[in-house]
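Below is one structure, written out as structure tokens; the observations come after it.
Naming convention: chains lettered A, B, ... in sequence-line order (proteins, then strands); numbering from 1 in each chain.
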Amino acid sequence: MSGPSRKLAAYAEHPRTPEFAELRFGNLEPHLIEAPDDGTYYLNMGPHHPSTHGVLRLVLRLDGEKVIDCEPVIGYSHRAHEKMAERGLYSQFLPNPSRMDYLGGMIYNVGYCQAVEQAFGISVPDRARWIRTMVSEFNRISSHLLWFGAFIMDLGGFTPFLLAFQDRENILDLLDSVTGSRLTYCYANFGGVTLDLPDDFAGRAKALIETQRTHFETYKKLVTDNTIFRSRTDGIGIITPEQVHSYAMTGPCARASGVDYDVRRAEPYSIYSELDFEVPTRTEGDCLARYLVRFEEMEQSLRIIEQCLERMPSGPIGPDRPLIRVKTKPGSYYFTCESPRGQLGWFLLADKNPEPWRLHARTPSFCNLSAMIEVLKGTMIADTIAILGSIDVVMPEIDR
Amino acid sequence: MTAEGIKSTLRGLVIPNSLLDGTDRERRGFDVEGEISPDAIVAIAKLFFGAGYGLECITAVDQEDFRELWYQFNILTGAPQRHLLRMQLDQSDQVPSISHIYGSARWFEREAFDMMGVQVLGHPNLKRLLLPEDSDFYPLRRDQCIDEELRKTRENRRTKRLAAAEKERAKADAETAALGAAEGSRAEATTTKAPAPVEQVTEASAPTGDPQADAPTQDAVPVVDKGGHR
Amino acid sequence: MPALIAALEGMLGTWLTQFLLGFTALAALITLNAMFMVWFERKVSAWVQGRLGPMEHGPQGTLQTLLDVIKLLGKEPIIPAKVDRTTFILAPVVAFLPALVLLSLLPYSEDLVFTNAESGILLVFAFGGVSLMGVFMGGWSSNNKYALLGGVRAVSQNIAYELPLLLSTMAVVLSAGTLNISKIVQVQTAGGFGWFFMYQPLALIIYIIAATAETNRAPFDIPEAESELVAGFHTEYPAMGFAVFFLAEYTYMFVVCGVGAALFLGGNHGPWLPGPCWFLIKVYFLLFLMVMFRWTFPRLRFDQLMDLAWKLLIPLSLANLMVTALVIKLV
């Protein structure tokens, strides 16, 4: 037997081959499983695809290039964070939240701490609250910057990706000097933060804000005003306010559709009620609106950081000793904060024991992605990628 | 619809006397809390949907002897009003789907099925969401996917809790009996409302139990018991 | 060197010697151009994006491409199980071979023309169309939906953009009064006539746009759109199959820019430097433009691409052609 056909035979005889054949469309809507006989076909996009942002799998039913139906298959990066929370102390879960959403890790980390503090009445010193807010906003900018680069790359423009990465790198360097880590932070702990700001922080942060503003101008010239970019995003993937309502979409996706909801303003937590910032809203609901809303948000975050730098109080940054065993109060608690992708909610069910009975993270991308199916129908493959990119999903956050 | 209007309509749909203003809004995060039975959820979802609320989250909770679903409705415009409705499932773990009302329920219910084994009736596509489709376990149940040590700890805690609850109940029973026939009619009313003994035991000892619920007063045992879980 | 050529002629005859020499020269040109272009593209993109690009091997990373080629040669040429084997293997060859003919049609200088065909322009388009077959064969035979979509996209795109490409060159052909590329160059160099881009600026713009689309380069790279179709028609091609497609792409870029330089920019015409140098400078200037397009613009959507061709470029180039004809008739 010659080389290739011998390989073929080996493939056919491989013990797992029949198994693979069975695994094609296991987890789909019933109407997707039947083979279509009307000229349409299935395209299995992902989990290994350049534009599905991690490990999302989209099963598309296509007519030519037109999407007739779509079914997202998720769970490829499920790591059972909620189960992990139940088997350890509250403080032992501290490193996990930032692994859920690796782009908004700081906000998740701080959010979890605030959820526990709010529930069990742990007080946080002023300085720690300001520091937390500031690093959270830096984190929001870095997350949006990565989204910006990846979104334009989905549309086929490669250069903004690297430019945005350079900016993001600067922010990560800055956060690195504060927290000691670059991506998955475990910076906040119950009752404060672990480390104080370095001495040269304010100067570096101010310089970074300045350069960031000039870079936003560059992005505006390079991308926002580009005709091809406009034609790819304007009027594409319109999400109506009714869909936002039905799918409980939050974050920039909801605000681009005219639903003026931002947790930072609706239920101000930490020090947000003392800060002066705007919540950008648009009414178009298309990819361009989501793009513009996020850009505006980055500029507002810069404003918040400036105010934090200006008004940063002095004083202690947390308890003298790390709070390892939290004194719990039985009950159910819900705390929400605004992650870069929308409303992040921590549902906490506590009993007298030192570990949570149940911890449920209400993650924004979970809802946002489930709404995407409705938007995709009737668009083209290229639009599918654009819409997915504009919604900004982070898969580990959905899969948890 | 105003918040008061919602509340008055809700009062007719939840289990009687279980609707409470959420105490300690800053700390707990809920405006109104209530308990519902699985039959009422569709009507409640329609009410909230009509009033412009969004289904924020469905959390499935395993209370070791039974499972619960906690529905959270929140309004996205104007002042936030977050309402928490707690539903206790019977041993069949069945609940009607509200995915035809709320799009977000589609995945929340699938997640509850996936993680906790809640059988959602009428869901168009009740399949595994996060786990592989051929999984045969429900990982977030308290007795699943844990090591021996943790299992033993949990068993011990449970035994202790059950014993304490049994003692409480015996004490309460004795006091009820001592109150005599004059209170008979009220006692009858409470027993019809009271859940099955097993559930009552666990509820008294459930993690959500308000500390006060551990020492219930005699005539209001079930009511305080149920309303007290926050 | 002349002695060697004479000896060869003695052995093989004049025609065969010339053929062999030309073939060798063109093959060397193809390889060197591709290797240079890969390096050039990397460096330009690095410059655009504020990076350094390849720096490790050789000065400024010039040897990087050579090592890449060695790596590609060392890879296992996997042929997936359920492909149409014959077509799958033939596809890169069919896509690549016409490039050799096309290169021989370009006027590198007055006397360095490998094939001085009277209908040179027509030959360029005729053989350019053949390479499309290779792309489609690759997409069709791969038994992969991404590849098939890429192949289908390539066919409709190339058919749409061949028209404005042809029509914009026809305006130049009308002005020059000949289809022979060398003669078109001579018309421009003769007696202060000036290069054709001065008379046909619209045709040059249409030509550059259509040429970028014809070679499937960004922002018109929808047949291989990596964020949508993974790698489009060459998704299933590993190692040298992929490398040959790659080689073909860069060679076609060289060809369309060569034709553009000859038709619009006066070919080998220029002061001080010898003809071939000027020709190459002009070609690489056009190539630089194409590279800059790629690293600046996002990609068009498929239907927008078609709209651009059928609703804008073709009417414009037709109008341009008619105006040119009218002017020539009147003057």
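Under a cut-off of 6.0 angstrom, the local environment of CE in M240(C) is crowded, with over 12 non-hydrogen atoms contributed by other residues, nucleotides or ligands. By the 6.0 Å contact criterion, NZ on K377(A) is enclosed, its count of non-hydrogen atoms from other residues, nucleotides or ligands being greater than 12.
Separation of atoms OG1 (T227(A)) and CD (Q304(C)) is listed at 11.0 Å; rounding is to 0.5 Å. Rounding to the nearest 0.5 angstrom, the gap separating the CZ atom in R301(C) from the CD1 atom in I385(A) is 13.0 Å. Between the CD1 atom of I152(A) and the CZ atom of F297(C) there is a distance of 14.0 Å, given to the nearest 0.5 Å.
Contacts between I236(A) and chain C at a heavy-atom distance below 4.5 Å involve the side chain alone, from C-beta outward. For chain A, the nearby parts of Q49(C) are the backbone and the side chain; heavy atoms of each come within less than 4.5 Å. For a residue to count as touching a neighbouring chain, one of its non-hydrogen atoms must lie under 4.5 Å from one of that chain's; by this rule T296(C) touches chain A with backbone and side chain alike.
By the 4.5 Å heavy-atom criterion applied to side chains, L43(A) and L149(C) are counted as neighbours. Side-chain contact between E65(A) and R153(C) is present, with heavy atoms from C-beta onward closer than 4.5 Å. Between H49(A) and Y146(C) there is a side-chain heavy-atom pair separated by less than 4.5 Å. Side chains of P298(C) and N226(A) form a contact here, defined as non-hydrogen atoms less than 4.5 Å apart. With contacts defined as side-chain heavy-atom distances shorter than 4.5 Å, the pair R232(A)/L300(C) does not qualify.
Heavy-atom pairs under 4.5 Å with chain C peak, among S231(A), A386(A), P160(A), at S231(A).
The aromatic rings of W295(C) and F158(A) lie perpendicular to each other, with more than 60° between the two planes, well past the 30° mark.
Pairing each heavy atom of R299(C) with each of D154(A), the nearest pair is NH1-O, 4.2 Å.
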